[in-house]
Amino acid sequence: MDLRTSLLFVIWLSSIRAFGQDACPSFPIRDSFRESTLQGFLCSVNSTDTSLQAIKRMAFASVTGDILNVGYDPRQHWIKCCLTNISSKPKSLVFGVDFAHIDDLSFYVLEENNVLSRWDHLSRHTTLASRPIASRVFAFPVDIAPGQTLTLYGRFVRHHSVLLLPIKLMTQEQFYSMGFAIDLGMFMGLGILLIACLISFLIFTITRQWVLFYYALYALTYGIAVVSLEGIWGQYVRRIAWLDENTHLVMLSLAAFAQIQFLVTFLQLTLFLPFRVIWALRGFAGVSILLALYFLITPFSYRNSSLLSSWGLITEFFVLGMGGWCWVRGWAGAWLISISQLPLLAVLVWFSLTILFGLPRHWLFYQTAYTIPFWQLIVLGVGLGISLIQGQREALLAVGQLKQERTEAIIQTQEAERGRIASDLHDDLGGTLATVRRWVADISRQLQNSPVSDKLDQLDALVQKSTQDLRHIAYNLMPPEFDRFGLCYSLEQLVKKQPAHTPLFSFIVVGTERRLPLSTELNLYRIVSELVQNIHKHAHASHAAVQLLYFDDHLTISVDDNGLGIRATKTTTAQIGTGLESSNLRASYIGARIWREVSEAGTLVLLEVPYTIKSDAIRQTNPPFIN
């Protein structure tokens with residue numbers, strides 16, 4: 001501290017001593033000064049007089065609280081503050097009042113009896129461009145030279161409700177820096193609310209889930225209430241005359257309605273509570289709608305503000321109680337409601353007590369009062385998103401389960417029908433053909449060495465071939481004693497029964513055979529049989545192979561040929577599509593993975609099935625054929 005600053009400090013200290021018990025000591029502006037709430041250096045007086053000269057002669061009382069809470073008093077409220085610059089440099093300061101709902105405001109800067117600057121009759125309707133500093137708060141520039149002492153006077157009036165005077169003195173740099181940070185945080189929060197509202201409403205229009213509508217309404221109405229309380233609504237929305245100073249009353253009432261309806265819908269109380277209780281809850285929510293209409297058609301007043309504060313407090317206690325009651329009963333989502341309500345409940349209790357009983361307000365609560373409910377909306381939004389994701393997952397699982405049951409029913413029906421047809425062919429038609437053959441043989445013996453006998457021999461050969469074809473068809477429909485011999489033996493027999501002409505089939509087994517569940521082996525047999533038939537019909541191959549590779553944890557079956565390959569798919573895709581679809585369906589049913597590779601050299605199909613199927617989820621994630 002240099003000599004000049006030390007001298008100024010001594011002068012300021014002596015002036016304080018001269019004041020003695022003066023209610024309004026001078027606030028020292030030091031080199032390190034950045035901001036202050038002026039607690040202990042601010043004085044006030046209430047009067048009906050609007051003359052500055054008359055007020056200067058009045059005795060001001062010291063303001064001891066962090067924020068001056070005038071309460072409901074429509075008189076003129078004057079504040080006074082003295083500043084002394086004991087630093088070595090001139091200071092550019094800002095005197096700010098962070099309360100938007102002021103009906104009449106005047107501000108004066110005096111040096112002794114000389115008025116250096118003055119602003120008269122500002123109000124909440126004064127546009128930002130017409131204010132001393134373009135800001136949503138009432139802010140006034142104060143320039144003070146080293147050693148200079150200034151006296152600041154302010155006159156404030158609010159006609160219809162509580163008047164708060166949260167005052168701060170800051171350097172211009174601190175004012176703009178803090179103002180930017182606060183406004184950025186507030187507008188980011190409002191932007192988040194707007195995005196949440198739009199997304200929720202958009203999803204509601206698609207899904208018709210009313211919990212999304214109530215969340216969107218809650219976010220929208222609370223966001224508008226914050227915009228109104230911060231004075232932004234009055235600056236930019238001027239054409240809605242019936243939504244003026246009462247905007248936050250109407251919107252907070254609607255927010256209370258949306259909050260209760262969200263609670264009932266989110267916790268699915270309609271599934272657990274009696275019909276009469278649900279109607280009582282909805283009636284409780286309906287009171288908020290009636291209050292919103294009442295606030296909309298009646299003039300703004302202190303009585304309405306007190307009514308809203310009381311109802312808001314009752315609503316929050318009710319919501320918290322319902323959330324806690326559901327939590328104790330172990331209902332899903334109740335813990336989220338309870339946790340989200342606690343910070344908001346604390347703010348509402350404090351806010352209501354300041355209105356109803358005039359308790360002091362502090363800057364910490366004042367600056368966080370309107371931002372804490374953002375926590376509630378964010379928590380509820382996250383919980384709602386998690387709930388929707390879980391609901392979608394459960395719906396997908398239910399659809400997957402339904403699909404699995406449908407697939408199982410189709411396959412079981414097909415197998416039952418195959419077994420019935422195979423049995424009928426073998427027992428009925430097979431027996432009939434055997435009888436026909438015996439009769440033909442008997443007639444042929446009776447008519448030996450006659451032209452008819454030769455015809456009968458040809459007929460016998462035809463009946464014999466029909467019998468063989470019948471056995472082959474019956475075997476393909478249901479291999480006999482499949483459950484006893486298993487997949488490996490049945491596939492080997494299937495390959496051996498293929499015609500001796502091209503394509504020539506080979507059968508290869510690698511590893512030690514391991515049995516799989518009967519339904520799994522039967523479906524694998526059906527898939528391989530379908531693939532073999534496709535080779536006969538479409539591949540035009542000279543060689544083909546069926547291989548079983550038994551690994552430690554899974555079985556791999558490969559079916560390959562050296563046929564047309566990719567050249568065949570250009571002309572036969574529609575023909576083989578049904579077979580591939582059936583193979584995919586069966587592979588998905590048993591939890592197998594299936595690949596199909598087609599090239600100029602031919603076609604390769606790989607089937608991979610684990611020895612143990614862990615869950616149906618495996619079946620739902622199988623990839624289709626890779627073409």
Side-chain angles (χ1 to χ4, degrees), residues 44-52 54-55 58 60-61 63 65 67-80 96-108 118-128 130-132 136-140 153-167 225-253 291-292 294-312 351-352 354-361 366 369-370:
S44 68
V45 66
N46 301 329
S47 173
T48 57
D49 203 327
T50 61
S51 169
L52 177 61
I55 293 299
M58 290 186 178
F60 282 75
V63 177
I67 294 178
L68 177 56
N69 184 3
V70 177
Y72 175 55
D73 188 345
R75 293 182 297 172
Q76 314 288 321
H77 303 283
W78 289 84
I79 59 98
K80 175 183 176 183
V97 182
D98 192 3
F99 189 74
H101 298 277
I102 298 177
D103 294 316
D104 192 14
L105 185 155
S106 298
F107 187 78
Y108 310 92
R118 64 184 297 166
W119 293 270
D120 289 312
H121 302 297
L122 305 179
S123 72
R124 56 190 174 86
H125 295 297
T126 304
T127 62
L128 298 183
S130 301
R131 297 187 180 189
R136 64 179 181 82
V137 303
F138 292 100
F140 304 93
Y153 287 92
R155 182 181 61 86
F156 307 90
V157 178
R158 193 180 189 194
H159 297 300
H160 303 297
S161 189
V162 172
L163 175 63
L164 292 178
L165 295 177
I167 293 172
V226 171
V227 169
S228 174
L229 288 168
E230 292 296 327
I232 303 172
W233 179 272
Q235 288 292 323
Y236 298 102
V237 185
R238 295 174 171 272
R239 297 183 179 180
I240 308 177
W242 35 272
L243 279 180
D244 186 21
E245 198 173 2
N246 63 334
T247 301
H248 66 280
L249 302 183
V250 175
M251 294 302 162
L252 289 177
S253 299
L291 284 176
Y294 171 76
F295 294 145
L296 188 64
I297 63 178
T298 57
F300 179 77
S301 65
Y302 172 71
R303 181 182 63 183
N304 288 357
S305 296
S306 300
L307 180 59
L308 177 65
S309 298
S310 301
W311 181 250
F351 190 79
S352 300
T354 58
I355 289 181
L356 299 175
F357 303 104
L359 296 183
R361 299 188 181 186
Y366 186 79
Y370 302 140

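Given the structure is predicted, the values throughout are model-derived calculations rather than measurements.
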Given Phe300 and Ser161, is the side chain to side chain contact (heavy atoms under 4.5 Å, CB included) satisfied, shown in steps?
-> CA-CA 8 Å; Phe300 179 77; Ser161 189; 3.5 Å; yes

Looking at Ser253 and Leu291, what are the two nearest heavy atoms and their distance?
-> OG-CB, 4.1 Å

Which atom names give the shortest non-hydrogen contact between Ser47 and Arg75, and what distance separates them?
-> O-CB, 3.8 Å

Locate the shortest heavy-atom distance separating Leu243 from Met251; write the atom from each residue and the value.
-> CD1-CE, 4.3 Å

Would a 4.5 Å heavy-atom cut-off, applied to side chains only, mark Val97 and Phe156 as touching?
-> yes

To the nearest 0.5 Å, how far apart are CZ in Arg158 and CG in Leu165?
-> 11.0 Å

Would you please test Leu68 and Ser44 for side chain to side chain contact (heavy atoms under 4.5 Å, CB included) and show each step?
-> CA-CA 9 Å; Leu68 177 56; Ser44 68; 4.1 Å; yes

Using salt bridge (charged side-chain N to carboxylate O under 4.0 Å, His left out) as the criterion, list what pairs up with Arg303, not counting sequence neighbours.
-> none

List the atom of Arg124, the atom of Phe138, and the distance in Å for their closest heavy-atom pair.
-> N-CZ, 3.9 Å

Looking at OH of Tyr302 and CG of Leu307, how far apart are the two atoms once the value is rounded to the nearest 0.5 Å?
-> 12.0 Å

Could you label the plane-to-plane angle of the Trp78 and Tyr108 rings as parallel, tilted or perpendicular, counting under 30° as parallel and over 60° as perpendicular?
-> parallel

Interatomic distance, CG@Asn46 vs CD1@Ile79, rounded to 0.5 Å, equals 12.0 Å

Can you tell me how far the CG atom of Leu122 sits from the CG atom of Asp103, to the nearest 0.5 Å?
-> 12.5 Å

Going by heavy atoms in the side chains, are Leu163 and Ile102 under 4.5 Å from each other?
-> yes

Evaluate side chain to side chain contact (heavy atoms under 4.5 Å, CB included) for Leu252 paired with Trp311, printing each intermediate quantity in order.
-> CA-CA 10 Å; Leu252 289 177; Trp311 181 250; over 6 Å; no

Where Asp104 and Ser123 come nearest, the two heavy atoms and their spacing = N-CB, 4.4 Å

Asn304/Glu245 under side chain to side chain contact (heavy atoms under 4.5 Å, CB included): CA gap, chis, key distance, verdict = CA-CA 11 Å; Asn304 288 357; Glu245 198 173 2; over 6 Å; no

Can you check whether Gln76's main-chain N or O pairs, donor with acceptor, with Arg155's side chain at less than 3.5 Å?
-> no

Would you say His101's side chain and Val162's backbone share a donor-acceptor pair under 3.5 angstrom?
-> no

Can you tell me if Asp49 uses its side chain to pair, donor with acceptor, with the backbone of Ala54 under 3.5 Å?
-> no

Distance in Å, Phe295 CZ paired with Ser301 OG, rounded so as to fall on 0.5 Å steps = 8.5 Å

How many angstroms lie between CH2 in Trp119 and CG in Leu105, if you round to the nearest 0.5 Å?
-> 11.0 Å

Which pair of non-hydrogen atoms, one from His121 and one from Ser106, has the smallest distance, and what is that distance?
-> N-OG, 3.3 Å

